[in-house]
Amino acid sequence: MGVVKTSNGSRLTTGIGSQLIPRALWCAGGVDATLSGMNISFLGNWRKRRGPASGAALMGAQEEDPQGVAQLLSECELLRARASDAGIGLDDSTASLEALDQMAPRWRDDPDELPWLGNDAGLYLGTVIVRTVPGAVWQVWPDGRPVVRLASGREVDVVEAGQQWAADGAPELCQRYAEVAEA
């Protein structure tokens, strides 16, 4: 896997097979919105040769290696680091969601960390759902945003739920899980 790390150690890019997938791809607005504000000189040249970035890479990877994509989405490195700092072990269980809900929201003081932690919280919520709710699977929308598709066909935008939780603390992750598990 290829990895690009930021100065604070969080991962921005990871790969499945030979494809590199920008981690920001599933953040609100997609990779174009995330990268457009950055002044990266080689990016403009890359786009001229290859066209605009889209969710096609993640969608293609999901079709080829759904378990690899599930593993990628479950990494949630920033959330796992913050939880570990708070003495919380994330074992992909509903109890760990309850523990996260009790964690002091220090990330709200850092506007740069807030969206990344919210993204990770949503992906972790999705991971717990996929691993514990029968028939739940990851689905990638054409824009590259991962959602959880339930056996009923209903799709749950877990990234949005994680963003709301990180920003407001409500609804709690365990509450969102309970709503999904009942469906």
Participant: Between Leu125 and Ala161, which heavy-atom pair has the shortest distance, and what is it?
Facilitator: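 Here Leu125 and Ala161 meet closest at CD2-CB, 4.1 Å.
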Participant: Rounded to the nearest 0.5 Å, how far apart are CG of Asp157 and CH2 of Trp141?
Facilitator: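 Going from the CG atom of Asp157 to the CH2 atom of Trp141 covers 4.5 Å.
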Participant: Look up atom CG in Leu173 and atom CD1 in Ile129, then write down how far apart they are to the nearest 0.5 Å.
Facilitator: 9.5 Å
Participant: Using modelled atom types only, decide if a donor and an acceptor are shared between the side chain of Ser74 and the backbone of Gln71 within a distance under 3.5 Å.
Facilitator: yes
Participant: Please examine the side chains of Gln139 and Pro146, heavy atoms only from C-beta on, and report whether any two atoms are closer than 4.5 Å.
Facilitator: no
Participant: Under the salt bridge (Lys or Arg N to Asp or Glu O under 4.0 Å) test, which residues partner Glu179, sequence neighbours left out?
Facilitator: Arg176
Participant: So which atom in Ile88 and which in Ala99 form the shortest heavy-atom distance, rounded to 0.1 Å?
Facilitator: CD1-O, 3.4 Å
Participant: Which heavy atom of Tyr124 sits nearest a heavy atom of Asp91, and at what distance?
Facilitator: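 It is OH-N, 3.5 Å.
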Participant: Considering all heavy atoms of both residues, which atom of Arg145 and which atom of Val159 are nearest to each other, and what is their separation?
Facilitator: NH2-CG1, 3.6 Å
Participant: Hey, what do you get for CG (Asp85) to CZ (Arg80), rounding to the nearest 0.5 Å?
Facilitator: 14.0 Å
Participant: Does any non-hydrogen side-chain atom of Leu79 lie less than 4.5 Å from one of Leu100?
Facilitator: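 Contact flag for Leu100/Leu79 side chains = yes.
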Participant: Do side-chain atoms of Arg149 reach the backbone of Trp138 as a donor and acceptor pair under 3.5 angstrom?
Facilitator: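 Not confirmed, Arg149 side chain does not pair with Trp138 backbone.
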Participant: Just verifying a value: how many Å separate Ser93 OG and Tyr177 OH, rounded to the nearest 0.5 Å?
Facilitator: 9.5 Å
Participant: How far apart are the closest heavy atoms of Val130 and Val137, and which atoms are they?
Facilitator: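 Closest heavy-atom pair between Val130 and Val137: CG2-C, 3.9 Å.
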Participant: Can you tell me how far apart CG (Asn119) and CG (Leu114) are? Round to the nearest 0.5 Å.
Facilitator: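 Asn119 atom CG to Leu114 atom CG measures 11.0 Å (nearest 0.5 Å).
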Participant: Which side-chain hydrogen bond (donor to acceptor under 3.5 Å, both in side chains) pairs, counting each pair once, include a residue from residues 101-111, with sequence neighbours left out?
Facilitator: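 Of all non-adjacent pairs touching residues 101-111, those that pass side-chain hydrogen bond (donor to acceptor under 3.5 Å, both in side chains) are Asp101-Trp165.
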Participant: Distance from Leu123 atom CG to Leu73 atom CG, nearest 0.5 Å?
Facilitator: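 The CG atom of Leu73 is 5.5 Å from CG of Leu123, to the nearest 0.5 Å.
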Participant: Is there a donor-acceptor contact under 3.5 Å from the side chain of Gln163 to the main chain of Pro115?
Facilitator: yes
Participant: Looking at Leu150 and Ala136, what are the two nearest heavy atoms and their distance?
Facilitator: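 Where Leu150 meets Ala136 most closely, the heavy atoms are CD2-CB, 4.1 Å.
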Participant: Is Arg82 salt-bridged to Glu113, going by a charged N under 4.0 Å from an acidic O?
Facilitator: yes
